[in-house]
There are 2 protein chains.
Amino acid sequence: MERNTRQRGAIRSALESADRPLSPQEVLTRARQDVDSLGIATVYRSLSSFEKEGLVIPVHLPGDPTRYELAGKGHHHHFRCRKCGRVFEVEGCPGNLHQLTPVGFKLESHEVLLFGLCGECG
Amino acid sequence: MERNTRQRGAIRSALESADRPLSPQEVLTRARQDVDSLGIATVYRSLSSFEKEGLVIPVHLPGDPTRYELAGKGHHHHFRCRKCGRVFEVEGCPGNLHQLTPVGFKLESHEVLLFGLCGECG
DNA sequence: GTCGTTGCAAAGCGTTTGCAGCCTA
DNA sequence: TAGGCTGCAAACGCTTTGCAACGAC
């Protein structure tokens, strides 16, 4: 059973106030503004329980720690600038993915990652 | 300047004989059949120098260590079975990716990952 | 002979876990 | 009050690095 604690509230708030996926470390920094005794272990435990509940979604980027963002934003993907490292959300989806899937395979989900330069760095 | 050593040869062979991306640990196991004193540090160092040379390509999968495959196979993506964990190469590419890219951004590369069940597990 | 390469061991870094005390329900 | 939650520190697994010996060119 899930309990509502100050820590979990702070972690959820941190994610809500962000407009991009946050790493556990970034979550910790932000959430400590609410609960300054917060420990990194609690962040990891909360994020993974939020993930199980479907409240947050993990965003995996090559070479970076896993980031998390709130679920319910609708289907989208991510663009990472190779210069400044920031991660942006991109609307839409290329589609056609079932056409790529080998015969006999069952496609359940997918991830599309774009890399390049953002508007400011380009 | 790059030198040809038995170790690098063994690592390259390991990748050549595989039909799927290998993790550094898997590369080590296979390459040790040629050079049994091979150490894991050498595998990491060689893989990253091969990557810089453009000889191999890293394949990143959420939750797994980075795998490597030989470059020059043509553009393709990957499908991972959530049951058996195997990673398959997928021909083709969804295209349309420039349409997803925000205005002012410069798209340089991308990655598409498919998840689901393979033919045997489905 | 030079200097890049190797293997070992130690260090790094992100993540997980054991445990005793805390606090929500 | 029960049992989930928390913070700390230790443990973990993968990856990187320091260093002295090695070996390709």
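Every chain is numbered from 1 and lettered A, B, ... according to where its sequence line falls, protein lines coming before strand lines.
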Base, sugar-phosphate, or nothing: which does A:Thr66 touch, judged by heavy atoms less than 4.0 Å apart?
sugar-phosphate
Quick check against the 3.5 Å criterion: does B:His60 have a side-chain atom that pairs as donor or acceptor with the backbone of B:Pro58?
no
Provide, to the nearest angstrom, the distance between the CG atom belonging to B:Asp34 and the C1' atom belonging to C:dT6.
16 Å
Are A:Phe105 and B:Phe88, when compared by the centres of their aromatic rings, separated by less than 6.0 Å?
yes
A:Arg20, A:Glu69, A:Glu111 screened by side chain to side chain donor-acceptor pair (under 3.5 Å) with A:His78, the one that passes:
A:Glu69
Exercise: do B:His75 and B:Glu91 side chains pair donor with acceptor under 3.5 Å
no
Rounded to whole angstroms, how far apart are CD1 on B:Ile11 and P on C:dT5?
12 Å
Between B:Asp36 (CG) and C:dT6 (C1'), how many Å, whole number?
14 Å
Of the candidates C:dT24, D:dG7, C:dG7, the side chain of B:Val35 sits closest to C:dG7
Rounded interatomic separation in angstrom, taking CD from B:Glu2 and P from C:dT2:
22 Å
Just to confirm, is there a sub-4.0 Å distance from OP1 or OP2 of D:dG7 to any side-chain nitrogen or oxygen of A:Ser37?
yes
Is the shortest side-chain N to carboxylate O distance from B:Lys83 to B:Glu120 below 4.0 Å?
no
Passes side-chain contact (heavy atoms from CB on, under 4.5 Å), A:His110 versus A:Val112? Steps please.
CA-CA 7 Å; A:His110 67 275; A:Val112 176; 4.0 Å; yes
OP1 or OP2 of D:dT6 sitting under 4.0 Å from any side-chain N/O of A:Thr5?
yes
Value in whole Å for how far the C1' atom of C:dG14 lies from CG of A:Leu61:
15 Å
Do B:Lys73 and B:Glu89 meet the salt-bridge criterion of a basic N to acidic O distance under 4.0 Å?
yes
Measuring to OP1 and OP2 of D:dG13, would you say a side-chain N or O of B:Gln25 lies under 4.0 angstrom away?
no
Give me, pair by pair, the N or O atoms of the protein and of nucleotides 16-22 of chain C that are less than 3.5 Å apart, along with how far apart they are.
residue: C:dG18; atom: O6; partner: A:Arg45; partner atom: NH1; Å: 3.3

Write down the distance between CZ (B:Arg6) and C1' (D:dG23), rounded to a whole number of angstrom.
11 Å
OP1, OP2 of C:dT6 versus side-chain N and O of B:Arg8: anything below 4.0 Å?
yes
Using whole Å, what does the distance between atom C1' of nucleotide C:dT6 and atom CG of B:Leu38 come to?
9 Å
Length of the NE2-P vector between A:His60 and C:dG14, whole Å
17 Å
